[in-house]
Amino acid sequence: MLRSDSRPFLDLRLGWRLLLLLPLTSWVGVLPAAERARPNVLFIAADDLRIDLGCYGSREALTPNLDALARRGVVFERAFCQQAVCNPSRASILTGRRPDTLRVWDLRRHFRETLPDIVTLPQHFKANGYASVGIGKLFHNESGAKPPFPFADPPSWTEPPLFADGPHWADWVWEGANGPRGKGGAVQRLDVADDAYLDGRIAASAVRRLGELAREKQPFFLAVGFWKPHLPFNAPKRYWDLYDRARISLPAPAPMPVGAPAIAGHAWNELRGYAGVPAKGPLPPEQVAELRHGYLACVSFLDAQVGKVLGELNRLGLADNTVVVFWSDHGFHLGEHDLWGKTTNYELDTRVPLIVAGPGVTAKGGRANGLVELIDLYPTLVESCGLPAMAGLEGRSLGPQLRNAAAPGKRFAISQHPHPSYGKATHMGYAVRTATHRYVEWRELPSGAVAARELYDHAVDPAETRNRVDDPSVAGVVRELAAEVARLVAAGGAFSGRNGR
């Protein structure tokens with residue numbers, strides 16, 4: 001029989017006090033690295049989390065812990081992943097290279113198949129005297145990966161990572177059973193303790209390990225990868241109870257963009273694999289509401305687990321010397337554009353939350369509006385902790401924005417995704433996001449011939465409801481951004497002989 005956890009939501013470390021960080025005149029500090037304590041890093045990942053957070057202006061999501069982190073750090077308003085699916089995105093973040101450089105565009109290929117000697121972000125910290133510890137989903141969670149390249153990537157860590165693999169659907173409470181019976185439903189609402197689900201156990205493990213690391217007196221790179229709000233949308237009942245389903249918004253916009261090519265969408269295979277979801281056709285309205293409710297419940301569940309870890313960091317007196325990074329691997333559609341899941345080149349899938357706080361962040365409470373990419377995290381953390389620069393990184397440090405949130409970002413951010421999303425790809429789509437537009441170009445594999453194009457004007461259409469690529473008034477924008485895609489492809493896109501397909 002399942003036990004309920006009667007602890008109220010407000011007891012989940014929502015009220016931990018914020019430390020005042022000492023002002024620094026530069027991102028790496030005023031003292032030479034040899035004369036100061038090297039900063040620790042707490043690297044927190046979420047899975048499938050779009051910008052549904054209070055600190056990003058959501059009127060629905062209840063996320064007090066991440067909102068508190070945002071108040072003492074910098075919120076990056078326009079951060080973008082490099083591919084909106086787990087394995088390519090995480091490989092890109094943790095190596096600092098784009099999917100085309102890694103030749104990783106799906107859930108099966110490991111980045112070390114292409115670049116066996118590449119040094120990952122946690123591996124670089126390990127090589128420079130840090131305890132490099134991984135708890136939860138950080139790289140891809142593929143089970144039974146073929147040696148010599150298991151997805152958890154042992155070279156990255158100073159100890160075996162925990163909770164790093166297994167299917168998401170196995171994170172399920174089976175009443176009266178000893179283990180998973182196969183893929184269950186898309187939602188679950190039970191009155192259980194947080195640790196009935198994987199993220200509760202990950203948070204507890206991270207709290208314990210933080211205490212040990214504090215006693216060991218060695219600088220640490222602690223990566224904590226939460227599995228939520230990825231499907232299935234199962235969270236303890238009290239997180240569901242935070243929301244009134246009747247007041248939860250419906251998907252907007254509901255249809256695909258006017259004039260969008262069919263290749264830009266997908267059949268939501270990820271969701272349709274769960275019990276109770278129609279194999280084809282639309283979802284009934286009550287199921288749409290239930291899924292959107294479940295997603296928000298999982299977001300609040302995630303936020304509470306992050307709060308436990310941040311609360312322990314503060315209790316141990318480590319917050320003033322720890323760089324905290326919170327990120328998601330990609331976004332998610334919840335019925336918008338007639339889509340459920342990720343694996344597109346649209347804004348809802350490619351835009352991600354990114355918050356950085358800690359020593360050297362002098363723009364506390366700032367909101368950086370410049371374009372940034374998740375591949376920028378590797379050089380940022382190397383610089384922040386005074387580590388030797390790593391050759392070959394394709395991002396650039398976010399240090400300027402961490403000192404001054406108004407500092408300019410990049411001219412554009414690049415994302416990509418193949419079509420179809422699963423199975424043998426026939427096309428690759430490249431998205432170039434500028435401050436005002438999103439241009440997407442779909443190219444045939446392996447020829448590279450342009451098959452379809454899209455252009456969305458975010459100045460007047462932030463929800464991306466109309467493809468304007470054939471509008472003569474924006475022909476100059478199309479030419480300019482098409483030239484950027486051509487340069488990207490010429491530099492070694494998915495069409496070269498190294499594509500591994």
Side-chain angles (χ1 to χ4, degrees), residues 48-52 57-61 80-81 84-85 186-187 229 231 233 245-274 276-296 330-352 415-422 426-427 429-433 436-442 451-471 473-474 477-478:
D48 285 10
L49 177 64
R50 59 195 208 169
I51 58 163
D52 281 2
S58 172
R59 296 182 179 180
E60 294 180 327
F80 294 89
C81 72
V85 74
V187 299
L231 281 162
F233 299 152
R245 185 175 300 181
R247 302 181 67 178
I248 294 174
S249 62
L250 296 175
M256 282 287 285
V258 175
I263 199 172
H266 58 75
W268 359 313
N269 289 342
E270 179 183 8
L271 176 63
R272 292 197 191 277
Y274 285 88
V277 178
K280 59 181 180 180
L283 301 182
E286 60 272 16
Q287 190 167 40
V288 171
E290 180 182 50
L291 287 166
R292 289 175 69 86
H293 187 179
Y295 185 85
L296 287 169
H330 43 70
F332 203 81
H333 277 84
L334 292 166
E336 300 91 354
H337 291 146
D338 192 28
L339 294 167
W340 291 87
K342 53 267 189 186
T343 70
T344 76
N345 279 316
Y346 289 122
E347 185 89 352
L348 277 169
D349 279 355
T350 59
R351 186 181 174 196
V352 295
S415 305
Q416 64 184 100
H417 210 287
H419 179 89
S421 304
Y422 302 101
T426 59
H427 296 77
Y430 289 95
V432 180
R433 177 65 158 91
T436 56
H437 293 85
R438 172 179 298 276
Y439 173 75
V440 185
E441 191 168 284
W442 293 95
R453 300 186 301 171
E454 302 169 77
L455 183 77
Y456 301 97
D457 186 344
H458 276 253
V460 297
D461 183 22
E464 298 180 340
T465 65
R466 182 175 296 275
N467 178 13
R468 297 185 59 198
V469 75
D470 294 324
D471 184 341
S473 68
V474 292
V477 175
V478 172

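The backbone N or O of His419 lies less than 3.5 Å from a partner atom in the side chain of Thr426, making a donor-acceptor pair. When atom types are taken as modelled, the side chain of Ser415 and the backbone of Asn345 share no donor-acceptor pair closer than 3.5 angstrom. Counting only distance, with no hydrogens or angles, the side chain of His437 and the backbone of Val432 share no donor-acceptor pair below 3.5 Å. Between the side chain of Arg272 and the backbone N or O of Ala267 there is at least one donor-acceptor pair closer than 3.5 Å.
Note that the OG atom of Ser249 and the CG atom of Leu334 stand 9.0 Å from one another [nearest 0.5 Å]. Between the CG atom in Asp349 and the NE2 atom in His266 there is a gap of 6.0 Å [rounded to 0.5 Å]. Rounding to the nearest 0.5 angstrom, the gap separating the OH atom in Tyr439 from the CD atom in Glu454 is 10.0 Å. In this structure, Asp471 CG and Leu455 CG are separated by 8.5 Å, a value rounded to the nearest 0.5 Å. Expressed to the nearest 0.5 Å, how far NZ of Lys342 lies from CG of Leu348 amounts to 14.0 Å. Distance check: Thr343 OG1 to His330 NE2 gives 9.0 Å after rounding to the nearest 0.5 Å.
Annotation: side chain of Pro251 is not in contact with side chain of His333 (no heavy-atom distance under 4.5 Å). In this structure the side chain of Asp338 never reaches within 4.5 angstrom of the side chain of Pro255, judged on heavy atoms. Put simply, the side chain of Tyr346 reaches to within 4.5 Å of the side chain of Pro257, judged on heavy atoms.
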Carefully, step by step, assess Gln287 and Val277 under the rule side chain to side chain contact (heavy atoms under 4.5 Å, CB included).
CA-CA 8 Å; Gln287 190 167 40; Val277 178; 4.0 Å; yes

Apply side chain to side chain contact (heavy atoms under 4.5 Å, CB included) to His458 and Glu464, showing your working.
CA-CA 7 Å; His458 276 253; Glu464 298 180 340; 2.8 Å; yes

If you apply the rule side-chain hydrogen bond (donor to acceptor under 3.5 Å, both in side chains), what do you find for Arg438 with Thr350, and how did you get there?
CA-CA 11 Å; Arg438 172 179 298 276; Thr350 59; 2.9 Å; yes

Are Tyr456 and Asn467 close enough, and set up right, to give a side chain to side chain contact (heavy atoms under 4.5 Å, CB included), and what steps lead you there?
CA-CA 6 Å; Tyr456 301 97; Asn467 178 13; 3.9 Å; yes

Do Leu271 and Leu283 pass the side chain to side chain contact (heavy atoms under 4.5 Å, CB included) test, and can you show the C-alpha distance, the side-chain angles, and the key distance before you say yes or no?
CA-CA 11 Å; Leu271 176 63; Leu283 301 182; 4.1 Å; yes

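Nearest heavy atoms, Leu291 versus Phe233: O-CD1, 3.3 Å. Scanning all heavy atoms of the two residues, the minimum distance from Ala459 to Asp457 falls at N-OD1, 3.0 Å. Closest approach of Ala264 and Trp442 over heavy atoms only: CA-CZ2, 3.7 Å. Contact between Ala452 and Ile263 at its shortest, heavy atoms only, is CB-CG2, 4.4 Å. Listed here is the closest heavy atom pair of Leu49 and Pro229: CB-CD, 3.8 Å. When all heavy atoms of Pro278 and Pro282 are compared, the pair lying nearest together is CG-O, 4.0 Å.
For the pair Arg466 and Asp461, the salt-bridge criterion is not met [side-chain N within less than 4.0 Å of a carboxylate O]. With respect to the salt-bridge test (charged N to carboxylate O, under 4.0 angstrom), the residues Arg50 and Glu347 do not qualify.
Not counting sequence neighbours, Trp268 has no partner by the side-chain hydrogen bond (donor to acceptor under 3.5 Å, both in side chains) test.
A donor-acceptor contact closer than 3.5 angstrom is absent between the side chains of Glu60 and Tyr295.
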